[in-house]
Every structure is written in structure tokens, then in C-alpha cells.
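This report concerns only the one structure given below.
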Amino acid sequence: MTFDPIAVRLEAARSVVRDAATLALAMRPPPGGPSGTLKGMQDYLTEADGAVETLISERIQALFPEDGFQGEEGGTRRQGKYRWVVDPIDGTSNFSRGRDRWCVSLGLLEGDTPVAGIIDAPALHEIFIARRGHGATLNGKPIKASPISSTNEAMIEMGWSPRVPVGVFDQKIASIMALGAMPRSGGSGALALADVACGRLDGYLEIVINLWDVAAALVLLEEAGARVSAFLETGGLTGGATILAAAPGVAEALSKAVDVEI
């Protein structure tokens with residue numbers, strides 16, 4: 001049997017992420033709040049963020065000491081041919097209020113190419129897993145992007161960020177609505193992209209988003225047949241960049257409407 005380093009890493013990561021998600025769920029504040037501190041406008045930091053990232057970092061280092069690692073809270077810590085990129089809690093504003101829509105996101109890059117990813121949303125009882133060339137699943141069942149071809153039926157989410165001028169957000173949302181699409185905003189970029197991959201959403205746009213938010217989702221989207229803008233090639237490897245992901249049948253119309261090449 002041929003040794004597959006990516007398959008071995010993904011199998012090990014499933015256990016790591018499961019334990020991390022269990023820890024996060026145990027640390028989730030009760031409904032109300034918000035609980036935690038503000039790093040910036042609507043940018044929450046909770047005790048769980050650091051604890052979950054530390055758990056993943058230490059476990060991955062013990063399993064694969066030669067691998068690189070990059071976390072949202074700690075920045076780039078280690079370099080290697082393979083690089084793990086983690087968002088310990090994506091959707092922290094939801095998490096901090098005791099809501100369910102948040103996840104632990106762990107992606108694996110070989111060089112600059114996303115090759116595997118896991119998104120675990122324990123409060124929703126959902127685990128998305130993808131490996132490049134081997135498909136994408138939700139709770140073990142294969143997923144595909146939506147077959148929709150009319151924007152009049154489309155459901156499009158747009159992420160909000162204080163780094164984007166208010167006028168830009170308003171303009172893009174207006175362009176989406178002009179297509180006849182229904183706008184949404186759920187507070188978790190990783191889960192929104194996963195929803196595009198499984199057909200719950202027909203598109204997702206965020207003007208400024210970071211690698212740790214999308215590293216796992218990029219593999220999901222590719223394997224599920226969704227169209228995605230050139231996030232990595234337009235600055236996403238080193239800083240914030242724009243991402244647009246869409247079902248193939250509405251990708252061109254949505255791309256033109258929001259003026260993001262896909």
C-alpha cells in the first residue's frame with residue numbers, strides 16, 4: 001500500500017478537531033451576553049479561542065513535528081512543507097452569546113495549495129471534511145454545490161467586517177438584491193462557505209477575510225464543484241483578501257453584479 005501523507009494527516013486531524021470542538025462546546029457561554037473581550041468592532045475574543053488553538057497546536061506538533069502551523073490568535077508559529085491553518089472558533093460573535101452558529105476550522109496546505117480541511121460545528125452536530133481529489137462530505141455523506149441556475153431563486157450571504165467601508169457593503173448588498181436573490185448574513189465565514197459547498201447557499205461574498213477563515217473551506221468548495229474567486233492569488237496567503245464563492249449556475253451573474261472576478 002502506498003503511503004499517503006495527506007490521508008494520514010487528515011485522519012489524525014479528525015480526532016484532534018473533534019477534541020477541540022468538544023472543548024469549545026464545553027466552554028461556550030450561556031445564552032445572553034456577549035461574553036469575552038473586544039479586539040475591535042464586533043471582533044470578540046473569548047477564553048475558548050486561546051484554549052482551543054493551543055490544544056490543536058500542541059497536538060499537531062506532537063503528531064507531525066515537521067509541519068508548519070498558523071493560528072488566528074498566535075499568528076504563524078512554525079514553517080514546513082505542510083502547513084496547518086486553524087481558526088479555533090470561527091463565528092466568535094455568535095459563540096460569545098451562546099448561539100449555535102460557530103465552528104472549529106482546520107485546513108491543511110501543501111506549499112500554497114489547500115489539500116484538506118475539516119470544519120466542525122459541534123453545537124449544530126455537523127462535520128464537513130474534504131480532501132483534494134477525494135470529494136467533500138457533511139457527516140460522512142457526499143455534498144455538492146447547488147444546481148440552481150436562476151438568481152431569482154438564489155440565496156446569497158455576505159459577510160460583514162469593520163474593515164470594509166459601510167458604503168461598500170451597502171452597494172454590494174443592493175447589487176445582490178437587484179439580481180432577485182435573497183440576502184443573508186450568519187456571522188461565520190467558514191460555515192457560510194461550507195453552506196455554499198453543500199448547496200444550502202448559492203453564494204457567499206466577503207470583501208476582506210483571512211486565510212484561517214477559509215483554509216478548510218477552500219478544499220470543500222473545490223471538491224463540491226463550486227466556483228471560487230482567486231483568493232490565494234490576490235493576497236489571501238499573507239493578509240486579508242476578497243472571496244466570492246458560488247454555485248456554478250449563478251456564478252457569472254453574481255460575479256458581474258458584485259464586481260468580483262470568479
Side-chain angles (χ1 to χ4, degrees), residues 5-21 23-24 39 43 45 48-92 102-121 127-132 136 159 161 188-194 196-197 204 206 208-223 228-243 245:
I6 296 171
V8 169
R9 282 168 169 79
L10 181 58
E11 186 60 31
R14 292 174 65 173
S15 176
V16 174
V17 172
R18 181 176 62 246
D19 290 348
L23 173 62
K39 294 188 290 183
D43 188 6
L45 176 66
D49 288 274
V52 170
E53 183 170 313
T54 296
L55 183 155
I56 295 174
S57 175
E58 291 179 351
R59 290 273 297 275
I60 291 294
Q61 186 172 27
L63 289 165
F64 307 107
E66 70 279 16
D67 287 2
F69 184 89
Q70 179 179 358
E72 177 182 8
E73 306 308 330
T76 302
R77 297 177 180 176
R78 302 188 294 272
Q79 302 292 334
K81 174 184 176 181
Y82 294 101
R83 174 166 43 128
W84 299 90
V85 183
V86 62
D87 190 339
I89 298 178
D90 186 89
T92 311
W102 54 272
C103 63
V104 178
S105 174
L106 181 63
L108 177 63
L109 278 66
E110 182 178 6
D112 293 340
T113 302
V115 292
I118 303 173
I119 295 174
D120 192 332
I127 303 175
F128 295 86
I129 298 176
R131 178 177 158 211
R132 195 173 195 212
S161 168
S188 169
L191 284 178
L193 291 168
V196 174
Y204 179 72
E206 186 148 352
V208 182
I209 195 168
N210 292 304
L211 180 61
W212 49 77
D213 299 300
V214 308
L218 289 173
V219 191
L220 282 167
L221 292 161
E222 179 181 1
E223 292 301 310
V228 188
S229 61
F231 171 80
L232 298 176
E233 294 82 0
T234 55
L237 279 169
T238 56
T242 296
I243 192 165

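All figures in this text were calculated on a predicted structure; none of them were measured in a lab. The basis for the numbers below is simple: all heavy atoms, side chains too, and nothing from hydrogens, waters or symmetry mates.
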For S161 against E206, the heavy-atom pair lying closest together: CB-OE2, 4.2 Å
Min side-chain heavy-atom separation R78-D67 under 4.5 Å: no
Sidechain-backbone polar pair: D213 side chain, D90 backbone, donor-acceptor under 3.5 Å: no
Close side-chain approach of I56 to L106, heavy-atom, < 4.5 Å: yes
Enclosure of R132 CZ (heavy-atom neighbours >12, cutoff 6.0 Å): no
E72 CD to D49 CG distance, which is reported to the nearest 0.5 Å: 6.5 Å
Euclidean distance, T113 OG1 relative to Y82 OH, rounded to 0.5 Å: 11.0 Å
Expected output: side-chain S57 to main-chain E53 donor-acceptor under 3.5 Å: no
Nearest-0.5 Å distance, CG of residue L109 to CH2 of residue W84: 10.5 Å
Over all atoms of both residues, closest heavy-atom pair of S105 and I119: OG-CG1, 4.0 Å
Student check: side-chain heavy atoms of L232 and L211 closer than 4.5 Å: yes
Closest approach of D112 to P114 (non-hydrogen atoms, all atoms of both residues): O-CD, 3.7 Å
Heavy-atom closest pair, residues Y204 and L193: CD2-CD2, 3.6 Å
I129 side chain reached by L10 side chain, heavy atoms, under 4.5 Å: yes
